[in-house]
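Here the structure comes first, spelled out in structure tokens, and everything after it is commentary.
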Amino acid sequence: MADTLMPQQAEDKNPLPTSSRAEAISDELVSMQGITKTFGPLRALYDVGFSVRRGEVHGLLGENGAGKSTLMNVLYGMFQPDSGTITVFGQHTPVESPRHAIQMGIGMVHQQLMLVPTLTIEENVLLGDLGTWESSRRGPKRDRLRELAAAYELDVDTKVLVGSLSLGQRQRVEILKALYRDSKVLILDEPTSVLTPPEVENLFTMLRQLTATGLGVVLITHKLHEVLEIADRVTVLRKGELVGTSRETRQTSKAGLMKWMFGEVAPDDQEPSLAPTSASAAPKPRLAVQSLRAENEAGLCVLDSVSLEIRAGEILGVAGVSGNGQAELAEVLAGVRLPQSGSIEFDGRSVVAGNPRAHREAGIVYAPEEREAGLARDLSIRENLILADYHESEFNRAGLMQREALDVYARDLADRFRVPADRLDIPVGTLSGGNQQRVVLARALAREPSCVIAVQATIGLDAATAHYVHQLLRGVTSTGGCALYVSTDLDELIGLADRIAVMYRGRIVGVQDRQGFDMAEIGALMCTGECAA
């Protein structure tokens, strides 16, 4: 299939037909021209153009660090560009702040959802609305909120606490919040990264409903098949510059988009999935868990008699709708959450529960779902790389830090795990999400662990970086180690795991071997806890 991608530098040589171009411009809700943005010595965007038309889903693609989120944060008023112009509904105007963007009809749902978990859905949506707090909570405003919730199938009482919702439901609340503020342009940053396949389909149905009313949607994603399914046009950024914009997504291909993202067509082994090696036939498991029970901070049971085994050379995938105990299971296995009862054994030896250092010394390392939980954002890349090992005798003698040895160690890790080694002194929080994940994994895998506990390790990562993460996990299992990998992306689990365990309401309700993977059955277990009839 031919690709009709339209590079910025070639637009004048290959213009659209006159009538189509005029129609496209008249339908533009937002247009950005010549946007340049730097952060100190780092050039995040250079001379980028972008537009959103009425009634379209516009996909925004690029590898991690390409500038996608930065460009949309400029449109949303979170960053001010160094140069360039923004036109909103025909008016040239600087977008001074997120509040200004909202007032102009631009809404954004960030990858890290910005809701207050201790407030209700209703309170979160109305929070910050103009007028007094009490007047915002009464009458027509509350009625309108409930009408919107019903129209877009938020099948939860608006009086429930946001903290009790799954991540998919919270995302829908964020969208509801934007719609309540009359957004005409809706920016979604990696919206499907924590959703199950049925939730993704529900989201796409919702987006089609929204664009049918004339709303324009920007979809930032790294999942090419989703762009090809839902987007009307696609724009690709690479290293902060505009590569091009497709005229129509249906006339593009996955290979063409990959070529634009990475400069060349990616080889087959850069696909998101990676065929696993055969699990070892060792008679005894390396990691064995018996009857784990754990409660959350509110005293509610989140793990209910969970038992599992992982053999040498095996990756056990854990599937489930977010909020069914997967994250808590990982925390218990990593030693950062104390269970109420149950046992953990590694290589036949009991591991002290609730003690992260004891777990690490046993050879069990942890890569958490929230990168912020694994990083000190204000510390440098170098400092984050050495956080787990600074106390080791080779780096700490008689209470004195051996800074030269630590520096050599940090640079070696940066080289091995493809972390930007030329900027080790900058705060880790300034890195793109993909590079932050590399830092988390570099620190976790630095000492060649025997067992890796990883949660959503590829969220928001482009295909090449996700493939690299899979290679790192396979590197552990290829030497006889094992891994437990939690993901809501069934395609990823089916491509990576040797077995898949499904969690529902704190229990493991089914386990499938690679030879018998059945996506429909796994999906049914995730949503209902029972196999499909």
Side-chain angles (χ1 to χ4, degrees), residues 64 111-113 166-168 170-171 190 192-196 199 222 272 287 289 292 294 296-297 302-303 306 308 310 314-339 344 353-354 356 359-360 364-375 384 388 433-434 436-445 449 451-461 465-466 468-474 476-477 481-508 522 526:
N64 294 114
Q111 188 175 352
Q112 301 296 329
L113 301 181
S166 70
L167 287 177
R170 294 185 199 189
Q171 181 189 77
E190 299 287 356
T192 66
S193 58
V194 295
L195 303 184
T196 63
E199 288 176 321
H222 68 284
L287 181 69
V289 173
L292 280 184
N296 64 12
E297 290 70 17
V302 290
L303 294 179
V306 171
L308 60 86
I310 313 178
E314 180 181 53
I315 294 178
L316 176 66
V318 179
V321 177
S322 295
N324 277 274
Q326 310 96 297
E328 290 82 1
L329 173 62
E331 289 170 354
V332 170
L333 296 181
V336 299
R337 178 183 290 272
L338 182 66
I344 303 171
H359 284 242
R360 187 175 179 84
I364 303 171
V365 299
Y366 178 45
E369 176 179 5
E370 299 290 341
R371 294 178 186 124
E372 288 77 4
L375 296 172
N384 273 274
Q436 287 183 23
Q437 189 71 322
R438 288 180 189 271
V439 174
V440 171
L441 291 169
R443 193 175 63 212
L445 302 179
C451 178
V452 178
I453 310 298
V455 184
Q456 305 279 25
T458 61
I459 278 187
L461 303 187
T465 308
Y468 175 67
V469 171
H470 293 169
Q471 285 183 315
L472 292 177
L473 293 175
R474 275 293 158 203
V476 172
T477 59
C482 63
L484 179 138
Y485 186 62
V486 176
S487 177
T488 55
D489 187 336
L490 270 187
D491 289 327
E492 179 182 34
L493 287 181
I494 286 173
L496 179 67
D498 299 290
R499 290 185 298 141
I500 295 177
V502 182
M503 292 196 69
Y504 182 75
R505 295 185 178 178
R507 286 179 168 269
I508 291 179
I522 294 173
M526 290 170 65

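Just so you know, these numbers use all the heavy atoms, side chains as well, and skip hydrogens, waters and symmetry mates.
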### Task
Evaluate side-chain contact (heavy atoms from CB on, under 4.5 Å) for Leu287 paired with Ile344, printing each intermediate quantity in order.
CA-CA 7 Å; Leu287 181 69; Ile344 303 171; 4.0 Å; yes
### Query
Yes or no on side-chain contact (heavy atoms from CB on, under 4.5 Å) for Tyr485 and Leu493, after CA distance, side-chain angles and deciding distance?
CA-CA 8 Å; Tyr485 186 62; Leu493 287 181; 3.8 Å; yes
### Query
So Val332 and Glu328, side-chain contact (heavy atoms from CB on, under 4.5 Å) or not? Walk me through it.
CA-CA 6 Å; Val332 170; Glu328 290 82 1; 5.5 Å; no
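By the salt bridge (Lys or Arg N to Asp or Glu O under 4.0 Å) test, Arg499 is found to be paired with Glu314, residues two or more places apart in sequence or in another chain being considered. Under the side-chain contact (heavy atoms from CB on, under 4.5 Å) criterion, Val306 pairs with Leu292, Leu303, Leu308, Leu329, Met503, Ile508, not counting sequence neighbours. Here Ala367 pairs with Val440, Leu441, Ala454 under the side-chain contact (heavy atoms from CB on, under 4.5 Å) rule; sequence neighbours left out. With sequence neighbours excluded, the residues that form a side-chain contact (heavy atoms from CB on, under 4.5 Å) with Pro449 are Val365, Leu445, Val452. With sequence neighbours excluded, the residues satisfying side-chain contact (heavy atoms from CB on, under 4.5 Å) with Tyr504 are Asn324, Val509. Partners of Glu331 according to the side chain to side chain donor-acceptor pair (under 3.5 Å) rule, which considers only residues two or more places apart in sequence or in another chain, are Arg337.
In plain terms, the two heavy atoms of Ser487 and Glu492 that are nearest each other are OG-OE1, 2.9 Å. Of all heavy-atom pairs between Thr477 and Ala483, the closest is CG2-N, 4.3 Å. Closest approach of Ala319 and Ile500 over heavy atoms only: CB-CG2, 4.0 Å. When every heavy atom of Ala497 is checked against every heavy atom of Gly317, the shortest pair comes out as CB-N, 3.7 Å. Between Val455 and Ala330, the closest heavy-atom pair is CG2-CB, 3.4 Å.
Side-chain contact between Ile453 and His359 is absent, with no heavy atoms from C-beta onward closer than 4.5 Å. Side-chain contact between Asp498 and Leu316 is absent, with no heavy atoms from C-beta onward closer than 4.5 Å.
The side-chain contact (heavy atoms from CB on, under 4.5 Å) with Leu496 is formed by just one residue from the set Asp491, Thr458, Leu473, Asp489; it is Leu473.
Side chain of Tyr366 to backbone of Gly335: no donor-acceptor contact under 3.5 angstrom is found.
Geometrically, Arg438 engages Tyr468 in a cation-pi contact, judged by NZ or CZ lying under 6.0 Å from the ring centre and within 45° of the ring axis.
Here CD1 of Ile315 is found 10.0 Å from SG of Cys482. Values are rounded to the nearest 0.5 Å.
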